[in-house]
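Count residues from 1 along the sequence.
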Amino acid sequence: MASTTNSPSTGLTLPNFSIQTSTFLPKTSQRSIFKKKKPFNFNSKRVVSCKASNGKQNDADTSFLNRFDRRDILLGLGGSLYGATSLVRDPFALADPIEPDLSSCGESTVDTSKACMNVPCCPPKLKDSKIIDFEPPLGCKIRYRPAAHLVDRDYLYKFESAMERMKALPVDDPRNFMQQANIHCAYCNGAYSQVGFPDQKLEVHYSWLFFPFHRMYLYFFERILGKLIGDPDFAMPFWNWDSPCGMTMPQIYLDPYSPLYDENRNLEHQPDVVVNLNDGKSVVKQKKKNDDFYELTKREQRNRNLYVMYQQMVRSSKTASCFHGAVYRAGCVSETDIGCTPEPRGGTLENGAHLAVHKFVGAKNPPYNEDMGNFYSAGRDPLFYAHHGNVDRMWNIWKTLPGKKRRDFDEKDWLNSSFLFYDENANMVRVKVRDCLDSKTLGYDYQSVDIPWLRSKPTPRRRRPGVGQGQDQGQDVAARRKGKNRRGFPIVLDKVAVRIEIPRLKKPKNKDDEEVLVLQNIQLDRNDSVQFYVSINDDEDDDNPCKPEESEFVGSFTNIPHGDCHSESMLSTNLYLPLSEALEDLELQREDSIVVTLLPKEGEVSIGNIKIDYVC
């Protein structure tokens, strides 16, 4: 039995551990938008080992006013929290990176179309607190985040103790678990305005801010846990849902008596249901005694998930724009703004496996689907942090995959965008995107485990006998469904599959350009769960549609409820689906058109236009 001691930093009675207690201090010098648009508010058969393996994974702006930092001008030269009451656009700013305006922080809102719920998510106001600029730790050893399904009892004891201490902190301590959960709520449900643009709400999803924000959110959460148990080298686990051995909810989070447990989860998906990384819905029922069919379908779902991961990480994410999502600049008002992206568009993984896991875990309790099923409450589930640990790991892996364009953006508006977090010592810290591009610079990496989806390349569903030169499979399908393929836009997608022939462009000037299927002006209620699949040149069997393991399947669109009462209830967005590898696999490179199939799975959506371009 561990003895107890009184913690001078928290005032709590805490158990002693057989680890050296030290004070770890950071180095701190440091429904429709339609025509009339409102300013945008982001509201295989191979046996896979379950054991860890080795070797399988792996600028600042200047101006003549360089004596002052732009944020100090806007937040007050002292940089104090909540110090500014009237914010104006900095007339000397030469770029438009996103920054949260603390002085504007108000209640977050959750909109269900029928009612509006106010949620207090702003960080606590600490007296005389200053904002300090983040500096990555120097000379620290790398700590490795373990796969949750591989941790031992000693690790679990330490992890549970850290979480218990965090939950026991005073409610007004910014390091308290609920205060930490509120960070996600504030940044995702309209609590913050953008610095210099009081009418523009800040949203960290569906844009190039998604990966950097969540990386640093987890970073400080992890540092707080380490501080509370006196272990600065503590590393949180990640949910290894991209590997067959980790595709069910990790057991360490399922004990009702553990601080890692959350009662607001989908009980139908516990304890050993395999996650569906394509849409979050379980297609495997609860295990019954001597049920061989169950085990077979469970294996099938695992294998299908590997093809989904290949689709999202390899085929469809060959550029920064495809992987990270849309550009998001401060004060973005209209499509006529140069370099401005007024509509949200998440990257392939954010829109795919990331959302699927949120849906899979969240409880079935409409209208809010807490906790993981709604952005405002997702951070209240300890499993959220393991989930996003794996999302963050995917960013690391993506940059190691072959391809000339698999590298992060180099635009200053991205690199200089910033977020505010409380660190392990309750200091408010400003972090820029440029600070977090390399996890090893931050002092952490991930346990080396197998990545089986790299070997899960889709194959064509079937190869049709030769259609003569000049007439491709798409035209053949179009000829047989002439009356059904040619229809006008917008297309309303609800219950029936829609097929439409789309012409291709001439070859690009640059041979390395990625050919992309673009679905434009997708309109839906942001408070609805919506999903549809997209395939090309399928065989028209609506009872047996294309699956992720087939080359014809090129992607899907997913929305989980994330509305806030400050934004239009209708969301207008775009979907980019790279085609180059699919066209090569299907031998369609020389064809003039393809037939696109849209298969609705959930909800109703309108699509304004579909085209092929070289834009990603």
Side-chain angles (χ1 to χ4, degrees), residues 44-46 48 240-244 246-248 273-284 296-318 322-323 346-360 390-391 394 397-398 401 451-463 497 499 516-517 519 530-559 575-586 588 594-602:
S44 144
K45 289 185 181 179
R46 236 180 125 158
V48 179
N240 192 195
W241 39 250
D242 63 305
S243 178
M247 287 180 180
T248 60
V273 175
V274 177
V275 63
N276 181 343
L277 293 179
N278 195 43
D279 59 20
K281 295 180 179 180
S282 62
V283 295
V284 181
L296 176 62
T297 56
K298 194 172 181 179
R299 287 197 301 272
E300 288 177 341
Q301 183 61 65
R302 285 189 177 117
N303 286 335
R304 181 162 297 173
N305 284 340
L306 298 181
Y307 289 105
V308 170
M309 291 304 301
Y310 185 95
Q311 172 79 34
Q312 295 174 11
M313 290 291 294
V314 181
R315 288 181 80 186
S316 299
S317 61
K318 296 183 178 180
C322 290
F323 181 72
T348 51
L349 188 80
E350 181 188 358
N351 282 341
H354 160 252
L355 290 181
V357 173
H358 271 279
K359 293 180 66 175
F360 180 79
N390 205 40
V391 171
M394 292 302 109
I397 293 173
W398 174 74
L401 300 179
I451 311 176
W453 47 264
L454 290 174
R455 306 184 291 271
S456 299
K457 181 181 173 66
T459 55
R461 186 169 194 166
R462 69 173 184 174
R463 296 192 181 277
R499 290 179 175 84
V516 178
L517 182 68
L519 281 68
V530 173
Q531 184 171 55
F532 61 86
Y533 295 171
V534 184
S535 58
I536 61 172
N537 286 52
D538 64 9
D539 56 9
E540 305 181 56
D541 185 354
D542 292 347
D543 294 327
N544 185 25
C546 289
K547 305 173 182 65
E549 58 265 36
E550 297 162 343
S551 299
E552 291 85 351
F553 183 91
V554 294
S556 61
F557 175 88
T558 302
N559 181 71
L575 177 65
Y576 289 12
L577 297 172
L579 294 176
S580 297
E581 187 170 318
L583 294 172
E584 182 178 350
D585 292 346
L586 298 171
L588 299 174
I594 60 174
V595 172
V596 175
T597 298
L598 307 175
L599 179 65
K601 302 294 289 184
E602 184 179 13

Do [X] and [Y] have side-chain heavy atoms sitting under 4.5 Å apart?
X: Ser243; Y: Pro452; answer: yes
X: Met309; Y: Leu277; answer: yes
X: Asp585; Y: Thr459; answer: no
X: Glu552; Y: Pro460; answer: yes
X: Phe557; Y: Leu519; answer: no
X: Leu588; Y: Leu583; answer: yes
X: Gln301; Y: Lys298; answer: no

Value rounded to 0.5 Å, distance of [atom1] in [X] from [atom2] in [Y]:
X: Ile397; Y: Ile451; atom1: CD1; atom2: CD1; value: 4.0 Å
X: Leu575; Y: Leu517; atom1: CG; atom2: CG; value: 7.5 Å
X: His354; Y: Asn390; atom1: NE2; atom2: CG; value: 11.5 Å
X: Lys601; Y: Gln531; atom1: NZ; atom2: CD; value: 7.5 Å

Can you see which heavy atom on [X] is nearest to which on [Y], and at what distance?
X: Arg315; Y: Ser551; result: NH2-O, 3.1 Å
X: Ala353; Y: Trp241; result: CB-CZ3, 3.8 Å
X: Phe360; Y: Asn276; result: CD1-N, 4.3 Å
X: Asn351; Y: Thr558; result: O-CB, 3.7 Å

So, [X] side chain and [Y] main chain: donor-acceptor pair closer than 3.5 Å or not?
X: Ser316; Y: Gln311; result: yes
X: Ser317; Y: Gln312; result: yes
X: Arg302; Y: Pro244; result: yes

Got a sec, which residues hit side chain to side chain contact (heavy atoms under 4.5 Å, CB included) with Ser535, two or more places apart in sequence or on another chain?
->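 Checked Ser535 against side chain to side chain contact (heavy atoms under 4.5 Å, CB included); matches are Asp538, Cys546, Thr597.
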Side chain to side chain contact (heavy atoms under 4.5 Å, CB included) partner of Tyr310, chosen from Val308, Val314, Leu306 |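 Only one option passes, and that is Val314.
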Given Val275, which of Asn305, Asp242, Thr248 fulfils the side chain to side chain contact (heavy atoms under 4.5 Å, CB included) condition?
->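 The side chain to side chain contact (heavy atoms under 4.5 Å, CB included) with Val275 is passed solely by Asn305 among Asn305, Asp242, Thr248.
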Evaluate side-chain contact (heavy atoms from CB on, under 4.5 Å) for Leu586 paired with Ile594, printing each intermediate quantity in order.
-> CA-CA 11 Å; Leu586 298 171; Ile594 60 174; over 6 Å; no
Quick one: list whatever passes ring pair (Phe, Tyr, Trp, His ring centres under 6.0 Å) with Trp398, sequence neighbours left out.
->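 Only Phe323, His324 meet the ring pair (Phe, Tyr, Trp, His ring centres under 6.0 Å) criterion with Trp398.
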Does the distance from a Lys or Arg side-chain N to an Asp or Glu carboxylate O, for Lys359 and Glu602, drop under 4.0 Å?
->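 Counted as a salt bridge, because a side-chain N and a carboxylate O are separated by less than 4.0 Å.
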According to the interplanar angle, ranging from 0 to 90°, do the rings of Phe553 and Tyr533 count as parallel (below 30°), tilted (30 to 60°) or perpendicular (above 60°)?
->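 Rings of Phe553 and Tyr533: perpendicular, over 60°.
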